[in-house]
Protein chains: 2
Amino acid sequence: MSHQTVISIESIRIACRNCTLSSLCLPMGLAPEDVERLDGIIRRTRPLRRGDRPFQEGERFRSLFVVKTGSLKTFAATRDGSEQVLGFHLPGELIGLDGIDKGVHACTASALETSAICEIPFGQLEELTALIPSLQHQMYRLLSKEIGHDTDMLLVLGKKTAEERLAAFLLDFSQRLHRRGLSATDFYLSMSRHEIGNYLGLAVETVSRLFTRFQDDGLVHVERKHIRLLDLGALEAIANGQGPCRHQQQQR
Amino acid sequence: MSHQTVISIESIRIACRNCTLSSLCLPMGLAPEDVERLDGIIRRTRPLRRGDRPFQEGERFRSLFVVKTGSLKTFAATRDGSEQVLGFHLPGELIGLDGIDKGVHACTASALETSAICEIPFGQLEELTALIPSLQHQMYRLLSKEIGHDTDMLLVLGKKTAEERLAAFLLDFSQRLHRRGLSATDFYLSMSRHEIGNYLGLAVETVSRLFTRFQDDGLVHVERKHIRLLDLGALEAIANGQGPCRHQQQQR
DNA sequence: CCTCGTTTTTGATCTGGATCAAGGGTTTCT
DNA sequence: AGAAACCCTTGATCCAGATCAAAAACGAGG
């Protein structure tokens with residue numbers, strides 16, 4: 001029995017490490033001793049409960065964070081009091097990158113559900129990336145990927161209709177889950193309709209109506225926050241503006 | 001006379017180097033010998049004419065580019081044929097960062113007017129940043145700054161009215177010019193109304209009407225593409241949603 | 001099991017900005 | 001200079017999605 005316990009703890013530890021490090025080193029095939037060094041600077045943090053904030057807008061920037069389990073959102077406040085949701089973050093994803101430039105966090109992160117994250121002190125990570133070229137390259141790629149995701153969102157917010165936005169959102173979620181080996185068609189949306197609307201630049205009511213519409217059209221099955229995508233092809237067509245009800249889009 | 005020519009070429013070279021390198025090393029106070037090494041990998045390229053494209057969406061990513069003079073836009077095509085302007089780029093600014101992740105450019109860059117740029121082969125830059133910690137740090141900062149600018153735009157496109165968007169756009173331009181030591185209140189908009197609208201998620205007609213309105217209200221003086229900002233305070237108030245005609249903004 | 005607060009849904013109405021239309025300006029090419 | 005191709009502006013109309021309103025569904029705490 002104690003033997004079993006030891007095995008169990010060890011396997012958890014390995015699982016945990018893999019999950020934490022995967023976004024940093026998996027795509028590169030980092031050498032084992034370098035993985036060890038990277039692992040050395042990563043700090044376990046206490047588990048987060050819904051609403052807990054690993055960092056806050058305006059706070060001094062010290063570390064990046066990796067989502068281990070659960071999910072978080074990031075958001076920034078506007079001058080006039082409202083807030084803009086900037087992103088939702090799933091296991092394996094890195095957050096806090098926007099604080100590097102000014103040394104101050106540019107947004108607040110908040111757990112959407114019970115979650116676990118790891119902290120990576122950025123100063124130590126910088127020292128390490130200077131020594132390990134492939135890790136440096138991976139950091140550049142991660143920062144660039146973030147830029148790419150942001151510009152995708154610019155396109156969504158700048159040009160797409162409400163219908164296209166929600167379809168694109170669901171597909172983005174689906175793909176990110178798939179990349180982590182989770183189901184791409186059947187998942188849990190930990191954020192509220194309000195937060196989805198805020199993220200997509202839509203009113204709550206519009207989001208709710210669209211879910212109903214998508215369900216009526218047989219594209220998805222919605223039950224509270226559990227979503228099942230029934231027709232990925234049709235969703236893609238909608239997200240790309242080739243959906244059924246598109247009278248040819250004028251280039252604004 | 002030949003003496004004068006030599007001086008002139010040398011001063012141009014210095015001016016050019018300063019301008020090219022400023023975004024990479026000015027904020028850090030890089031050591032002179034490191035500036036020399038960085039300068040060594042920077043390639044002069046032929047001058048661009050309006051419409052020339054230093055790189056194109058889908059093309060293999062090899063280099064970053066620094067704007068020396070003039071201005072460029074970057075844009076990406078949507079599946080349905082239209083395009084989204086992702087940014088306008090002024091002297092001293094770095095473009096091409098979104099290609100690092102996938103090794104392929106994610107957008108196209110196009111000169112808005114006669115412009116000069118420099119090319120920085122990214123492979124060589126990576127080697128250099130691994131050797132020069134402060135340069136590596138500066139690269140992280142530049143990538144992070146880009147993320148910050150993108151998230152600012154997400155906020156603009158997600159939450160702001162047409163009026164607020166144009167005011168924010170003019171102020172952003174003003175600040176970026178100011179940072180390069182140019183006039184913050186009196187400048188030339190090298191892009192068309194159409195391109196401004198595309199960037200801000202607005203129709204051309206709306207942009208045109210807003211310029212007229214701002215001029216009528218005494219906020220700016222517009223003469224074709226020459227703009228003079230007359231009341232920065234009022235523009236900021238508008239950009240922040242505290243403008244005159246704001247019935248308190250509901251948090252969507 | 002009930003109560004109170006929050007979230008979601010549905011319906012009715014309103015509006016900011018898109019779209020359509022058309023005239024005058026400016027640049028480019030021949 | 002003449003013409004073809006944009007670019008910018010202004011006016012009139014329209015509509016996707018916001019806003020307002022209110023009922024239903026949930027969920028946490030007692």
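All of these numbers come straight from a predicted model, not from anything done at the bench. Excluded from the calculations below are hydrogen atoms, water molecules and symmetry mates; all remaining heavy atoms, backbone and side chain alike, are included. We name chains A, B, ... by the order of the sequence lines, and we start the count at 1 in each one.
Ion pairing between A:E93 and A:R180 fails under the 4.0 Å rule for side-chain N and carboxylate O. One finds no salt bridge joining A:R213 and A:D217 here, because no Lys/Arg side-chain nitrogen approaches an Asp/Glu carboxylate oxygen to under 4.0 Å.
B:F169 and B:F88 have perpendicular rings, their planes meeting at more than 60° on a 0 to 90° scale where under 30° would count as parallel. Aromatic ring orientation, A:H105 versus A:F55: parallel (interplanar angle below 30°, classes split at 30° and 60°).
A straight line from CZ of B:R49 to C1' of C:dT28 spans 14 Å, rounded to a whole angstrom. Atom CG in B:L166 sits roughly 17 Å away from atom P in C:dG16 (whole-Å rounding). Rounded to whole Å, atom C1' of C:dG16 lies 16 Å from atom NZ of B:K159. In this structure, B:E223 atom CD and D:dC8 atom C1' are separated by 14 Å, rounded to whole Å. Atom CZ of B:R213 and atom P of D:dT9 are 14 Å apart (whole Å). Across the protein-nucleic acid pair, B:L157 atom CG and D:dG17 atom P stand 15 Å apart, rounded to whole Å. Rounded to a whole Å, the CD atom of B:E164 is 14 Å from the C1' atom of C:dG17. Going from atom CG of A:N198 over to atom P of C:dT7 covers 13 Å, rounded to whole Å.
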Tabulate protein N/O versus nucleotide N/O from nucleotides 8-12 of chain C, keeping only pairs under 3.5 Å, one per line.
{"residue": "C:dT8", "atom": "OP2", "partner": "A:R193", "partner atom": "N", "Å": "3.0"}
{"residue": "C:dT9", "atom": "OP2", "partner": "A:R193", "partner atom": "NE", "Å": "3.0"}
{"residue": "C:dT9", "atom": "OP2", "partner": "A:S208", "partner atom": "OG", "Å": "2.9"}
{"residue": "C:dT9", "atom": "O5'", "partner": "A:S208", "partner atom": "OG", "Å": "3.0"}
{"residue": "C:dT10", "atom": "OP2", "partner": "A:T212", "partner atom": "OG1", "Å": "2.7"}
{"residue": "C:dG11", "atom": "N7", "partner": "A:R209", "partner atom": "NH1", "Å": "2.9"}
{"residue": "C:dG11", "atom": "O6", "partner": "A:R209", "partner atom": "NH2", "Å": "3.4"}
{"residue": "C:dA12", "atom": "N6", "partner": "A:R209", "partner atom": "NH2", "Å": "3.4"}

Extract from the structure each pairing of a protein N or O with an N or O of nucleotides 28-30 of chain D at less than 3.5 Å, listing the distance.
none

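For residues 48-61 of chain A, no residue pair satisfies the salt bridge (charged side-chain N to carboxylate O under 4.0 Å, His left out) rule, not counting sequence neighbours.
Side-chain contact annotation: A:H149 with A:D172, donor-acceptor N/O pair under 3.5 Å present. Residues A:S71 and A:H89 bring no donor and acceptor atom of their side chains to less than 3.5 Å of each other.
Taking each heavy atom of A:T45 and A:I117 in turn, the nearest pair found is OG1-O, 3.0 Å.
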### Message
Assess the residue pair B:L72 and B:I95 against the criterion (side-chain contact (heavy atoms from CB on, under 4.5 Å)); give the C-alpha distance rounded to whole Å, side-chain angles, the decisive distance to 0.1 Å, and a yes or no.
### Response
CA-CA 9 Å; B:L72 307 243; B:I95 57 180; 4.2 Å; yes
